[in-house]
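Residue numbering restarts at 1 for every chain, and letters A, B, ... go by the order of the sequence lines. Here the structure is a predicted model, which means the values were calculated and not measured.
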Amino acid sequence: MDIRKIKAVIECLLFVTGDPVSLKELSIVLEVDQNTLRKIINQLIDDYNDSIRGIKIIEINGSYQLCSKPELYEYVEKLLKPKAKTGLSQASLETLSIIAYKQPITKSAIDSVRGVKSDACITRLLEKDMIKEVGRMEGPGRPILYGTTDTFLRLFGLKNISELPPLKDFE
Amino acid sequence: MDIRKIKAVIECLLFVTGDPVSLKELSIVLEVDQNTLRKIINQLIDDYNDSIRGIKIIEINGSYQLCSKPELYEYVEKLLKPKAKTGLSQASLETLSIIAYKQPITKSAIDSVRGVKSDACITRLLEKDMIKEVGRMEGPGRPILYGTTDTFLRLFGLKNISELPPLKDFE
Amino acid sequence: MSINIKLEVFEGPFELLFHLIEKAKVDIYDIPIADITDQYINYLKMMQSLDIDLASEFLVMAATLLEIKSKMLLPKAPKNDEIEDSDPREELVKKLLEYKAFKELSFVLKEKLSINEKALCKDSNLADEIIDSFTLPDKLSIEILLEKFQMLMKKRESFNNRGFGKIYRDNITVEDKITQILKILSSARVLYFDDLILDCINKLEAILTFLAVLELIKRRKIYVEQSSNFDKIIVRRR
């Protein structure tokens, strides 16, 4: 298959699914090895940077997804009733930062960093699909452990969790 | 606005809505008169004909919609088939499970369990003869009640609906 | 004459402390603990005089500050080579700095969010439509449905527990349940108690159902029987 066709198929597949599709799945469907495919996708990502395009490809945890260009959001807002923004309070953002860096983490560990109860924030973050339960801690009460989701990565423009900005040294 | 930007905005808007958008709506959002805009969209349709593209714009009754290129359908099928061994999407399986366990049930009750609209899933389950209308609920609007069919029982190997496996304690 | 008080609301004790430290323009590593403690307690008193409920964490911090203050007043123990004389403020400062680091980070994240949340994705309706157009296999395991349904219930339950209120069957009462049970029994002679409970969408509804059965027994409308231990409980009309 020539490279133009491969690019066309990738665009088509990402468009149809709407959800992230992994490099592995794409490689199986296209019968192209993952390394070659990754290079082609990176080229394709560059193609989309062209000012004539209104959509782009984002990478999240080794999967790829199509989304609209954020800089054109004002037009989307004009056409559609503005989609509810993520709307996180400062307290929720603080809670989210703590979870992002210290995951997996329990509620009481979050509370102790913030100095206040975080129940409401955690509920809100779960509701917004920013965090999820990732397990239970061994020990009394087996408290729930929280971690971040792929939605979190997407909304904060991170390919994976290691791309988080560095935490300023507080020692 | 230059013509490249107009094209980008059109792509962005059609991508985000998914549904057909009328020339009139586009013209209002872009502040470009309809005649000029129609010419630009026709150019854009030509751009999409390029073999590097996996999607295209179709015109229906003066509205425009993005869709995948039909000639690439085989790849779509190859990607989705393994995800759909059941022949039912996750959304439809969810809807079907609610109907099976809570029948007879109205559409709005299904929606409230799922937290999203189930219209499309219900239509497709009706088409697949998995569910049927079993009556009307008394009360305002007399909404339709849905239940499962004999085809449903056969597919899942049940003699009758009372053979549904019991729910484990929902703790 | 009216007095205008500009009241700042603090999310928690750390925020209040930061505010006081910044206002006093002091080094965070060398907090004048007596002064700051007094100011902190004054603030709490003011809030209380205005009848503003304070989270208990504010009071816990007040106690911590008083404890540190009293330790600072104690005469320094003579130098001991074995035990390092630690600053009683050390732990508090460490926590404050950690909190501050996360607070700063949250502003960076907020900035990122404000850009990237404007990149919108498409829903997966199109893929669902295509999948639903595939032909069904000859046979499917019912377990798939059970699993899906239980997952939905679990999700709902956990949201309910977090105080989202009920999402389904609003405002159901014991009286509704009584009517429902009597209606079933008007056509069926008997019914299984298990089925009534299984039909419930959450714990609250199960409890209401149970109360309805008890009430109906009391009103002598129904009676229940069980032939032996762990057998199904049968509900009959009187």
Side-chain angles (χ1 to χ4, degrees), chain B residues 12 15-18 66-68 73 76-77 79-81 83-102 109-116 120-121 123-125 127-130 148 151-158 162-171, chain C residues 118-161 164-170 172 179 183 188 191-192 194-195 197-206 232:
Chain B
C12 173
F15 173 81
V16 171
T17 62
L66 267 188
C67 67
S68 62
Y73 183 76
V76 174
E77 213 182 34
L79 177 74
L80 295 180
K81 263 278 156 67
K83 292 185 180 184
K85 292 204 183 75
T86 60
L88 289 166
S89 63
Q90 293 304 309
S92 292
L93 273 174
E94 244 178 59
T95 308
L96 186 59
S97 81
I98 296 166
I99 296 173
Y101 275 95
K102 308 299 297 181
I110 299 167
D111 290 352
S112 81
V113 175
R114 292 189 59 221
V116 284
C121 291
T123 307
R124 300 199 294 260
L125 289 169
E127 273 167 19
K128 293 199 126 168
D129 193 28
M130 287 289 110
T148 50
T151 313
F152 166 84
L153 292 176
R154 212 176 316 122
L155 178 68
F156 286 97
L158 305 174
S162 68
E163 285 194 344
L164 274 176
L167 298 180
K168 284 154 208 145
D169 190 26
F170 38 91
E171 200 47 64
Chain C
K118 289 180 183 159
L120 304 174
C121 295
K122 213 169 130 290
D123 56 37
S124 54
N125 288 346
L126 188 54
D128 286 349
E129 204 181 313
I130 293 171
I131 289 172
D132 284 339
S133 74
F134 294 163
T135 46
L136 289 164
D138 294 337
K139 200 164 164 36
L140 275 177
S141 159
I142 192 71
E143 294 294 324
I144 299 171
L145 283 195
L146 175 67
E147 227 169 76
K148 268 265 164 286
F149 191 63
Q150 303 234 99
M151 237 165 60
L152 279 169
M153 291 299 108
K154 207 182 146 205
K155 213 162 88 189
R156 284 170 40 89
E157 189 80 357
S158 64
F159 273 116
N160 285 348
N161 286 346
F164 269 103
K166 284 208 300 166
I167 311 169
Y168 187 63
R169 288 191 190 174
D170 284 332
I172 200 161
T179 316
K183 198 176 165 200
L191 67 88
Y192 291 115
D194 288 23
D195 291 344
I197 297 297
L198 281 181
D199 195 41
C200 295
I201 208 80
N202 57 24
K203 253 182 269 175
L204 178 64
E205 198 186 332
K232 279 196 170 179

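Side-chain atoms of Ser92(B) and Thr95(B) include no donor-acceptor pair closer than 3.5 Å. When only modelled atom types and interatomic distance are considered, Lys148(C) and Gln90(B) share a side-chain donor-acceptor pair under 3.5 Å.
With chain B as partner, the option from Leu136(C), Leu145(C), Asp132(C), Ile142(C) having the largest number of non-hydrogen pairs under 4.5 angstrom is Asp132(C).
For chain B, no part of Leu126(C) is nearby; none of its heavy atoms comes within less than 4.5 Å. Of the two parts of Glu147(C), neither the backbone nor the side chain holds a non-hydrogen atom closer than 4.5 Å to a non-hydrogen atom of chain B. Heavy-atom distances place the backbone of Asp138(C), and not its side chain, under 4.5 Å from chain B. Interface remark: Leu125(B) contributes no atoms to any contact with chain C (heavy atom separation under 4.5 Å). In this structure, chain C has a heavy atom under 4.5 Å from the backbone of Lys85(B), while its side chain stays farther away. Using a 4.5 Å cut-off between heavy atoms, Glu163(B) makes no contact with chain C at all. Of the atoms belonging to Ala100(B), it is side-chain heavy atoms, and not backbone ones, that fall under 4.5 Å from chain C.
Take Ala84(B) and apply the side-chain contact (heavy atoms from CB on, under 4.5 Å) test, not counting sequence neighbours, and it matches Ile131(C), Phe134(C).
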Does the side-chain contact (heavy atoms from CB on, under 4.5 Å) test come out yes or no for Phe156(B) and Thr148(B), once each step is laid out? CA-CA 11 Å; Phe156(B) 286 97; Thr148(B) 50; over 6 Å; no

Walk me through it: do Met130(B) and Thr151(B) pass the test side-chain contact (heavy atoms from CB on, under 4.5 Å)? CA-CA 6 Å; Met130(B) 287 289 110; Thr151(B) 313; 3.8 Å; yes

Might you work through the side-chain contact (heavy atoms from CB on, under 4.5 Å) test for Ile130(C) and Glu77(B), ending with a clear yes or no? CA-CA 8 Å; Ile130(C) 293 171; Glu77(B) 213 182 34; 6.0 Å; no

